[in-house]
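So the structure is just underneath, and the comments pick up after that.
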Protein chains: 2
Amino acid sequence: MRVRVALPSGRADRVEPKARLTVDRIVDAAMELMKREGYDNVSMRSLARELDTGPASLYAHVANKDELDQYVIDRISGMLEIPDPDPDRWQEQLKELMRGMLQLFREHPGSARAAMGMIPTMEGGLRAAEGMMAIAIAGGVTPQAAAWFCDLSAAYVGAIAYEESIWTARENSTAAGEQPDHAAIDEQLRTFVEGMGDRFPVLVRFATELTAGGGDDRFEFGLDVLISGLAAVSKRYS
Amino acid sequence: MRVRVALPSGRADRVEPKARLTVDRIVDAAMELMKREGYDNVSMRSLARELDTGPASLYAHVANKDELDQYVIDRISGMLEIPDPDPDRWQEQLKELMRGMLQLFREHPGSARAAMGMIPTMEGGLRAAEGMMAIAIAGGVTPQAAAWFCDLSAAYVGAIAYEESIWTARENSTAAGEQPDHAAIDEQLRTFVEGMGDRFPVLVRFATELTAGGGDDRFEFGLDVLISGLAAVSKRYS
DNA sequence: CCTCGCGAACGAACAGTGTTCGTGTCAAGT
DNA sequence: ACTTGACACGAACACTGTTCGTTCGCGAGG
């Protein structure tokens, strides 16, 4: 009987080969890290550590951090639920879209900053824009007003989400993704304004209103203003 | 006759002593550098070089970069021209305030980002808020709506300015402070969308509207929407 | 089978960031 | 004279995005 001696191959002592890098794997890792630590803390190095590689390897798949940002934001935008247009409810539907987008930013802490100034060029973002245009136009908004409203609403939601993320980071007191404690912020402001004496009489007089309401109240006010305004001025743009 | 020999004092061979650092001098230097290179390129190190000192010296006067940001934004806000309230023109006056703020951001490239999420706590910013509240209330807006509109308008103008600065930095083709070439940006988008085939029929159909107009057209549309919306919904908030 | 070319992987290094720590100097007060 | 507090600031820390140069693996072609 012959015994076959198995000689180790050149790789016999290596651990299982690492999975090959792909953009999807990089984005997956970014999403995971963002949920844990916020997108501000996602660097090429932290990503590389998460993927058990070196930061330079990432550049074989994404041109730079900006391009990675685009993939990440597109992934998030792709999660937006987009209703079928209902002409009788177009205003509420636009509000729902904007609430949905804000919620996604909240669930992905720190991502709003990466979204600022970004024009959708990938499927997820285009889908969202397509949905908004379809709803507005089904509701009788002129195409020009609808088109520009896409910009406006994205700027507004992005700005609110970004501001929230700034507050969250500053306070360091709420878990990533939670709404900032607007009451505490405004209490600081109230105290400050009430110490102003005669310098700012209107601010002092209305300190209560200035500091009333939380982030959601203010966001909903903004939605009311934006949607009512769109309905009021649409016909001027055609 | 006695000749008096002037012995050099301990400092005779030193150049003129450096002017003592102050917050104002630091902010002056930041403003100067911002005009030349954009605020994104103003670092503690570049500031220290401009002031002929070391970066650590700055921390004797400002707690950190964030605090410096507050001083800088307050300086800029303080330049805003604030009209006396005229109840018959309150809507146009609010628009003027917002245009004025956008113009200041444009003249101070890169500053919008520092302004995001910032609550006014210094004279300049409080003055602007005081002016806006006074105009809105003189025009019959309820105090609650006026108060929340201060947030909304600051978020909107800040977001637009920030987006513009992002475009400017990306294009690298316009001088600091100039409006980004929106037409070129949108031409890219038009080309892209027209290659979409059947995926996004509404976007394809209205590609012309989506890409029409420059930054000012879009900003003015936003002002129309916001101000008309405020007028329409104000009474709901009281 | 062998060789070559290409793309992926990735360490080392670059140039930069905000900030802290430790030390020296100066001015004012005792 | 001595002490104390504030300012000034170099050295260093821990980190950032990115490039350059080298190696490796794979597939195609001879």
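Keep in mind that this is a model prediction, so the values were computed, not measured. Residue numbers start from 1 in every chain, and the chains themselves are labelled A, B, ... in the order their sequence lines are given, proteins ahead of strands.
Distance L21(A) CG to dG25(D) P: 15 Å, rounded to the nearest Å. Atom CG of N41(B) is separated from atom P of dT16(D) by 20 Å (rounded to the nearest Å). When the C1' atom of dA15(C) is taken as reference, atom CZ of R49(B) falls 11 Å away, rounded to whole Å. In this structure, the CD atom of E67(A) is 11 Å from the P atom of dT18(D), given to the nearest Å. Rounded to whole angstrom, the span from the CZ atom of R25(B) across to the C1' atom of dA8(D) amounts to 13 Å. Between the CZ atom of R20(A) and the C1' atom of dG7(C) there is a distance of 8 Å, given to the nearest Å. The distance from atom CG of L68(B) to atom P of dT17(C) is 14 Å, rounded to the nearest whole Å. With rounding to whole Å, L51(B) atom CG is found 16 Å from dC7(D) atom P.
Checking the phosphate oxygens (OP1, OP2) of dA9(C), no side-chain nitrogen or oxygen of T53(A) falls inside 4.0 Å. At dC9(D), one or more side-chain N or O atoms of S57(B) fall inside 4.0 Å of OP1 or OP2 (strictly under the cut-off). Note on H61(A): a side-chain N or O is less than 4.0 Å away from OP1 or OP2 of dA9(C).
Residues meeting the salt bridge (charged side-chain N to carboxylate O under 4.0 Å, His left out) test with R45(B), sequence neighbours left out: none.
A heavy-atom distance below 4.5 Å is not found between the side chains of S153(A) and Y156(A). Side-chain atoms of H108(B) and Y39(B), non-hydrogen and from C-beta on, never get closer than 4.5 Å to each other. Counting heavy atoms from C-beta on, the side chains of M98(A) and I160(A) never come closer than 4.5 Å.
For the pair R36(B) and E50(B), the salt-bridge criterion is met [side-chain N within less than 4.0 Å of a carboxylate O].
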Query raised in the report: For I119(A) and W167(B), what are the C-alpha separation, side-chain angles and deciding distance, and is it a side chain to side chain contact (heavy atoms under 4.5 Å, CB included)?
Result: CA-CA 10 Å; I119(A) 293 195; W167(B) 293 114; 3.4 Å; yes
Give me the distances for all protein-to-nucleotides 19-23 of chain C N/O pairs that come in under 3.5 Å?
residue : atom : partner : partner atom : Å
dT19(C) : OP2  : Y59(B)  : OH           : 3.0
dT19(C) : OP2  : K65(B)  : N            : 2.8

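Residue contacts shown for S43(A) are limited to sugar-phosphate atoms, with no base heavy atom under 4.0 Å away.
For F206(B) and F200(B), the distance between ring centers is not under 6.0 angstrom.
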